[in-house]
Amino acid sequence: MTNLDERPVRWLKVLDQTRCIGCHACTTACKSENEVPLGVTRTYVKSVDVGEFPQARRSFQVTRCNQCTDAPCVTACPTEAMYKRPDGIVDFDKSICIGCKACMAACPYDAIFINPEDHSAEKCNFCAHRIDGGLEPACVTVCPTEAILVGDMNDPTSKVAQAVKRQPVLVRRPEKETGPGLFYLGAHQATLDPLGAKRPEGGLYAWSTQGPPDPQLVPSGHPEGARSSAAALLSYDIPHYAPWGWRVSLYTWTKSIAAGAFLVAVLFALTGLMAWDGPVTRYVAPLLALVFLGITGVLLIWDLKHPSRFWLIFTRHQWGSWLVRGSFIIGAFGAAASAALVVGFFDLLITQQVIGVIGAVTGLATACYTAYLFAQAKARDLWQSPLLPAHLAVQAILAGAASLLPFALAMAPQSSVHALEVALAVSAAAHLLLLWTETTLPHVTAHARLAGHEMTRGRFATFFRVGLVGVLVSVAAPLIGVVAVPFALIGLLAHEHAYVQAGQSVPLA
């Protein structure tokens, strides 16, 4: 028989919403204990008014990090700044946080934020410093009704273990399969489901407003009405913001041009549509790849809250993160493009062909890895498409053909120019076909449907329509020639922005 003292500790938290009175003492105690600045919170109390007068009541939900068994933030973090302790607590190390916001995008509960004072990611960490000192978390000590219970799941005598194993407890968003270590007792579904309650008219909440309109602001509640059978109106919530802004949208576009230009040139050379020793293949394609790859790197570093720490991706890398894998893929592609430029200058044809093939493979990986990076954002259902890698590859060919066409017009034979025009038209048509399937087929979740609505008819509809028209015009590339180039590139950029931002536009908490 295993001795109780030898069992590993697994810290859990039970929030008894039948006892919670919505006093916000836990919020203020957390801010005081952890020196959380104004404007951000590690924990807060969400409230929903359920029913209609006179048959109505206010339901509360204490909202914070779920201390997941399979924590997406830990997997997504490129430097192990987010990490899981042996006792189950998901903690963070600000000294090695680069501020990439991958953990924020990955968290299905919107529990992580960037501290505006030190620019590092943080969240509820169970007051780990107090736990290690034999004390309870600050929120537990101040709760006047003992609505917050903390204990060891592996200790059968603890109140937490007894509550979880003997009573009907709930977790938030079980479909995300994160194994939350935060359980709710007596919580109303309209509070647990981020889309379970109606969004107030004009963003007017009981004690606050969420506005004025901000492109990065994600309004709380369901915009179309309550999803529960009872009427439910969100009465208090805190604002959340999309983690990735226009720099990430632009990065997906510059990366497509870099990868696509090299990939298209090599494919054309392999099939005889363009000469290996021609200036487009030898100089233009590698130079375009390197220039736009450089812009991509600048955008990625610029988007970090700690840009001076970007080198930690390569020295403290956590291989589970696709931000790390993507950085090494981009590095390999950059090395291949540089080598192709050198051997092209020295006219080493056989070596140029070998390096060209290597560059094409790493270029294809550079174009497609973002699909896996987005897939690690488990809560962003619009991005969870199995067609996304193929769609990104098509977009790279579209961008590559468009960017090479003006140079081919001046440096390559007419047959190569015509082949590029056809490639641009075919890839544009393929992009539109994939886009049609993504926007017309029913989405499997309400989150994906609402995100799709925001992209096609909501806040980002203008960008989506510009993208649609631009790429549609470029389908006529064999007829209008180089005139199609700005339409294709601007259209693709507009589409990328609409897609990236719409994927983050639905509330998670």
Ion pair Asp277/Arg282, N-O distance below 4.0 Å: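 No, no charged N to carboxylate O under 4.0 Å.
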Is a donor on one side and an acceptor on the other found under 3.5 Å between the side chain of [X] and the backbone of [Y]?
X      : Y      : result
Ser416 : Leu273 : yes
Thr79  : Ile96  : yes
Gln384 : Ala379 : no

Check residues 323-333 and write down every donor-acceptor pair under 3.5 Å in which the side-chain atom is one partner and the other belongs to a residue at least two apart or another chain.
unit_1: Arg325; atom_1: NE; unit_2: Trp319; atom_2: O; d: 2.7
unit_1: Arg325; atom_1: NH2; unit_2: Trp319; atom_2: O; d: 3.3
unit_1: Ser327; atom_1: OG; unit_2: Leu323; atom_2: O; d: 2.8

Verdict with reasoning, His306 to Ser120, per side-chain hydrogen bond (donor to acceptor under 3.5 Å, both in side chains): CA-CA 8 Å; His306 286 292; Ser120 297; 2.9 Å; yes
Heavy atoms from other residues, nucleotides or ligands near NE2 of His418 exceed 12 (cutoff 6.0 Å):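 Check fails, neighbour count at 12 or below.
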Residue Phe487 excluded, over 12 heavy atoms near CZ under 6.0 Å: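 No, CZ of Phe487 has 12 or fewer neighbouring heavy atoms, counting only those of other groups under 6.0 Å.
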Qualifying residues under ring pair (Phe, Tyr, Trp, His ring centres under 6.0 Å), relative to [X], sequence neighbours excluded:
X      : answer
Tyr372 : Trp322
Phe374 : Trp383
Phe407 : none
His497 : Phe463

Trp302/Trp246 under ring-ring contact (aromatic ring centres under 6.0 Å, His included): CA gap, chis, key distance, verdict: CA-CA 11 Å; Trp302 186 9; Trp246 63 268; 5.3 Å; yes
Pairwise salt bridge (charged side-chain N to carboxylate O under 4.0 Å, His left out) hits with a residue in residues 369-390, at least two apart: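 Qualifying pairs, neighbours excluded: Lys176-Asp381.
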Salt bridge (charged side-chain N to carboxylate O under 4.0 Å, His left out): pairs with one or both residues in residues 288-307, sequence neighbours excluded: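 Found Lys101-Asp303, Arg247-Asp303.
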Test log, rule side-chain contact (heavy atoms from CB on, under 4.5 Å), inputs Val266 and Leu270: CA-CA 6 Å; Val266 171; Leu270 288 172; 3.9 Å; yes
Pairs flagged by ring-ring contact (aromatic ring centres under 6.0 Å, His included) wherever residues 102-122 is involved - sequence neighbours left out: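 As it turns out, there is no ring-ring contact (aromatic ring centres under 6.0 Å, His included) pair with a partner in residues 102-122 once direct neighbours are skipped.
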With Ser95 via side-chain hydrogen bond (donor to acceptor under 3.5 Å, both in side chains) - residues at least two apart: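 Ser95 satisfies side-chain hydrogen bond (donor to acceptor under 3.5 Å, both in side chains) with Asp93 only.
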Results of side-chain hydrogen bond (donor to acceptor under 3.5 Å, both in side chains) for Gln376 - residues two or more places apart only: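 Gln376: no side-chain hydrogen bond (donor to acceptor under 3.5 Å, both in side chains) contacts found.
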Identify every side-chain donor-acceptor pair in residues 286-296 under 3.5 Å, counting partners at least two apart or on other chains, and give the distances.
unit_1: Thr296; atom_1: OG1; unit_2: Thr254; atom_2: OG1; d: 2.8
unit_1: Thr296; atom_1: OG1; unit_2: Lys255; atom_2: N; d: 3.4
unit_1: Thr296; atom_1: OG1; unit_2: Phe292; atom_2: O; d: 2.7

Non-neighbouring partners of Thr281 that pass side-chain contact (heavy atoms from CB on, under 4.5 Å), sequence neighbours left out: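 By the side-chain contact (heavy atoms from CB on, under 4.5 Å) rule, Thr281 matches Ala269, Met274, Trp276, Gln352.
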